[in-house]
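Side chains are part of it too, since the values below use all heavy atoms of this structure and drop only hydrogens, waters and symmetry mates. Note that the coordinates shown come from a computational prediction; the quantities given were computed from them, not determined experimentally.
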Amino acid sequence: MRRYIEIANIIRERIVNNIYLTGEKIPFGHQLCEEFSCSKITLNNALEILVNEGFITRQRGLGTVVKTATPRYTHAESQLVSPIQGLSTINHAQGHNVRSHILLFEIANPSAEIAEVLAIADDRFCWHFRRVRYVDDLPLSIEDTWLPVHILPEFTRQDAMGSIYQYVESTLRKIPASSHTQFSSLPSDSEAQEWLALQPNEPVSVTRSVTYLSDGQPFEYCTSHYHYQRFNYNSVVQRNGM
């Protein structure tokens, strides 16, 4: 496990156990670097995980503060309530039917860029698959997903047909805790026009996401191309400071 993930796990545990109290500052950066014998870069990477998970907020000139509303933990990690809800969970809760059609399923080496964001070496293998997601038989998106084999060694083509997040929760007893997502729009290509029933002059909405487990380990890199008329994204933004 990478050092910054270990440090994030220790600080998270201190917050959960009320060693670092809500609304109060955690020790200064130089103190934590000295305690953990790490560089500023390593510490910043650890703190960034906790920012994304909602445990702390960092404010220039004010330091790092434990948030008053942190993710909900119970006595066992397996009972952590996930803040990340996947397509299947959201739509099934609303009474919709979700299914997948697999276009590609293979074991492959990721690109250097993908390997870096997944915190693995270039020569490590990943499950790589492309699938079309349908909601009530209407094509919603084409997903291109990379999952490190060493994290999910028993993953199968059949598992790729369903909810990845539910599979992770049931097999690893860990939950998808945070995600970094970028949004853009692009002209549709021939694949999107075929599978999403788009015209050549119609665009796709694109997301690129890296999703992290509750221990800070990145486990999924996914690029999704959505039908532009069916893409919805809801976000809650909290302002830090006064």
Side-chain angles (χ1 to χ4, degrees), residues 1-13 16 36-39 41-53 55 71 73 76-89 100 102-131 133 141-182 207-224:
M1 183 181 295
R2 297 212 172 188
R3 180 59 174 157
Y4 70 89
I5 296 176
E6 294 177 350
I7 294 171
N9 291 343
I10 293 171
I11 296 175
R12 185 191 304 107
E13 183 176 355
V16 171
F36 295 119
S37 299
C38 69
S39 67
I41 294 176
T42 298
L43 179 63
N44 283 336
N45 288 338
L47 295 179
E48 190 64 23
I49 290 174
L50 300 176
V51 168
N52 291 321
E53 290 181 355
F55 282 96
Y73 275 77
E77 182 177 284
S78 62
Q79 294 175 293
L80 176 62
V81 178
S82 174
I84 305 295
Q85 301 293 317
L87 177 70
S88 296
T89 299
S100 300
I102 303 296
L103 301 176
L104 169 72
F105 186 86
E106 64 179 356
I107 293 180
N109 295 121
S111 67
E113 176 187 3
I114 294 175
E116 181 178 4
V117 297
L118 289 175
I120 60 175
D122 294 2
D123 60 354
R124 297 296 294 269
F125 287 107
C126 288
W127 301 109
H128 174 222
F129 55 95
R130 295 175 67 81
R131 59 183 184 171
R133 309 301 304 278
S141 64
I142 301 172
E143 296 177 354
D144 187 88
T145 303
W146 295 81
L147 307 173
V149 170
H150 75 278
I151 295 179
L152 299 169
E154 305 298 326
F155 193 78
T156 67
R157 181 187 181 95
Q158 185 61 37
D159 296 321
M161 298 284 289
S163 169
I164 308 304
Y165 294 169
Q166 290 177 11
Y167 176 85
V168 167
E169 291 182 30
S170 63
T171 58
L172 297 184
R173 303 301 180 188
K174 297 178 180 178
I175 62 100
S178 63
S179 178
H180 294 180
T181 304
Q182 295 178 330
T207 65
R208 292 181 175 84
S209 302
V210 183
T211 306
Y212 299 81
L213 296 172
S214 51
D215 62 3
Q217 174 69 50
F219 79 94
E220 178 196 45
Y221 180 89
C222 182
T223 302
S224 299

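Partners of Thr181 under the side-chain contact (heavy atoms from CB on, under 4.5 Å) rule, at least two apart in sequence or in another chain, are Ser179, Phe183, Thr207, Ser209. For Ser163, the side-chain contact (heavy atoms from CB on, under 4.5 Å) criterion is met by Ser88, Tyr165, Gln166, not counting sequence neighbours. With sequence neighbours excluded, no residue forms a ring-ring contact (aromatic ring centres under 6.0 Å, His included) with Phe36. Listed by chain and number, the residues in a side-chain contact (heavy atoms from CB on, under 4.5 Å) with Glu106 are Leu104, Ala108, His128 (sequence neighbours excluded).
Legend: salt bridge (charged side-chain N to carboxylate O under 4.0 Å, His left out) pairs involving residues 142-154, not counting sequence neighbours, sorted by first then second residue: Arg130-Asp144, Arg131-Glu143, Arg133-Glu143.
For the atom pair Cys126 SG and Glu220 CD, the distance stands at 11.5 Å (nearest 0.5 Å). Leu87 contributes atom CG, which lies 11.0 Å from atom CD1 of Ile164 (distance to the nearest 0.5 angstrom). Here the CZ atom belonging to Arg3 is positioned 15.5 Å from the CD1 atom belonging to Ile41, to the nearest 0.5 angstrom. The structure places CG of Asn109 at 4.5 Å from CZ of Phe125, a figure rounded to the nearest 0.5 Å. In this structure, OG1 on Thr145 lies 4.0 Å from CZ on Phe129, to the nearest 0.5 angstrom. With rounding to the nearest 0.5 angstrom, the CD1 atom of Ile49 is 11.5 Å from the CZ atom of Phe55.
In this structure, the side chains of Ser37 and Thr42 stay at 4.5 Å or more apart for every pair of heavy atoms. For the pair Pro176/Glu169, a side-chain contact is recorded, criterion being any heavy-atom separation below 4.5 Å from C-beta on.
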Kindly list each side-chain donor-acceptor pair under 3.5 angstrom involving residues 110-124, sequence neighbours excluded, with atom names and distances?
{"unit_1": "Ser111", "atom_1": "OG", "unit_2": "Ile114", "atom_2": "N", "d": "3.3"}
{"unit_1": "Arg124", "atom_1": "NH2", "unit_2": "His150", "atom_2": "ND1", "d": "3.3"}

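At a cut-off of 3.5 Å, with distance as the only test, a side-chain donor of Asp159 or Thr156 sits close to an acceptor on the other residue.
Between Phe105 and Trp127, the gap from one ring centroid to the other is short of 6.0 Å.
The aromatic rings of Phe155 and Tyr167 lie perpendicular to each other, with more than 60° between the two planes, well past the 30° mark.
Closest heavy-atom contact between Leu172 and Ile151: CD2-O, 3.5 Å.
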